[in-house]
Amino acid sequence: MEKSEKKYRDLVENSLDIIFSLDENWRITSINQLVTQILRYPIDEILNKSIIDLTFKSNSAVGEILEEKLAELSATNNVITFNCDLVTKFGEPKEMHIKLRYIHQDNGYSIFGSASTIEEDILLRICHSESQIYKINNYLSHIDIVSQRLANYANKYCD
């Protein structure tokens with residue numbers, strides 16, 4: 001048992017992703033050391049903080065999108081993934097790919113999550129011209145994905 005626990009701890013601590021767990025109120029109950037490298041928070045400062053508090057709120061839709069995703073997780077118990085700007089200790093946005101899922105345990109459940117950095121799209125830098133048509137439903141998450149893509153493309157042509 002001790003050997004298995006050490007192996008698990010090594011896997012989590014040496015991961016290239018931020019690995020964390022949440023309670024039923026979306027508060028961080030555990031998190032690996034990578035959070036200090038990527039978001040610059042000491043672990044003791046981030047424990048018991050809500051994942052909602054860690055989002056970079058550039059506008060009110062960001063909070064609504066996150067709340068929609070968390071509600072989807074609660075309703076379906078399926079794995080959910082989404083991109084979200086988390087806020088660093090210095091108040092700057094850091095775009096991350098978030099994955100959340102329920103883990104059932106003997107005394108209930110916890111929410112297991114990972115946050116990975118998003119690599120720059122190399123093709124975006126070398127693309128000269130492109131045409132796309134998007135057909136989306138009235139979902140905030142779809143609007144968020146499309147607006148992120150459009151903003152990334154706009155950065156190439158606008159300062």
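Since the model is a prediction, treat every value here as computed from it, not as a measurement.
For the pair Ile98 and Thr81, the minimum side-chain heavy-atom distance is 4.5 Å or more. Using a 4.5 Å cut-off on side-chain heavy atoms (C-beta onward), Ile111 and Glu24 make no contact. The closest side-chain heavy-atom distance from Asn77 to Leu73 is not below 4.5 Å. Under the 4.5 Å side-chain criterion, counting only non-hydrogen atoms from C-beta, Leu100 is in contact with Leu22. Side-chain contact check for Ser74 versus Trp26: some heavy-atom pair is nearer than 4.5 Å.
In terms of modelled atom types and a separation under 3.5 Å, the side chain of Glu72 and the main chain of Ile80 share no donor-acceptor contact. Checked by atom type and distance alone, the side chain of Asn32 pairs as donor or acceptor with a backbone atom of Ile19 at under 3.5 Å.
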task: Step by step, work out the side chain to side chain donor-acceptor pair (under 3.5 Å) result for Ser21 and Ser110.
output: CA-CA 7 Å; Ser21 61; Ser110 64; 5.6 Å; no
task: Would you sort out whether Lys94 and Thr117 count as a side-chain contact (heavy atoms from CB on, under 4.5 Å), showing the intermediate values?
output: CA-CA 8 Å; Lys94 177 73 175 172; Thr117 56; 3.9 Å; yes
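One finds no salt bridge joining Asp53 and Lys49 here, because no Lys/Arg side-chain nitrogen approaches an Asp/Glu carboxylate oxygen to under 4.0 Å.
Hydrophobic clustering (side-chain heavy atoms under 4.5 Å, transitive across Ile, Leu, Val, Met, Phe, Trp, Tyr) groups Leu39 together with Ile43. Residue Tyr109 is grouped with residue Ile31 when hydrophobic side chains (ILVMFWY) are merged at heavy-atom distances under 4.5 angstrom, including chains of intermediate members. When hydrophobic clusters are built by joining Ile, Leu, Val, Met, Phe, Trp and Tyr residues whose side-chain heavy atoms come closer than 4.5 Å, directly or via intermediates, Val35 is not grouped with Leu16.
When the options Asn83, Asp17, Ile18 are evaluated for a side chain to side chain contact (heavy atoms under 4.5 Å, CB included) with Met96, the one that passes is Ile18.
For the residue pair Tyr41 and Thr88, the shortest heavy atom distance occurs at OH-O, 3.3 Å. The two atoms that bring Asp23 and Asn25 nearest to each other are OD1-N, 2.9 Å, heavy atoms only. Minimum heavy-atom separation, Phe20 to Ala115: CE2-N, 4.0 Å. Nearest heavy-atom pair, Lys89 versus Glu45, reported as atom, atom and distance to 0.1 Å: NZ-OE2, 2.8 Å. The nearest pair of heavy atoms linking Leu34 to Ser15 is CD2-O, 3.7 Å. When all heavy atoms of Thr36 and Pro42 are compared, the closest pair comes out as CG2-CA, 3.9 Å.
Taken to the nearest 0.5 Å, the SG atom of Cys84 stands 11.5 Å off from the NE2 atom of His97. The OG atom of Ser50 sits 8.5 Å away from the CZ atom of Arg27 when rounded to the nearest 0.5 Å. Separating the CZ atom in Phe82 from the NZ atom in Lys99 is a distance of 12.0 Å, to the nearest 0.5 Å.
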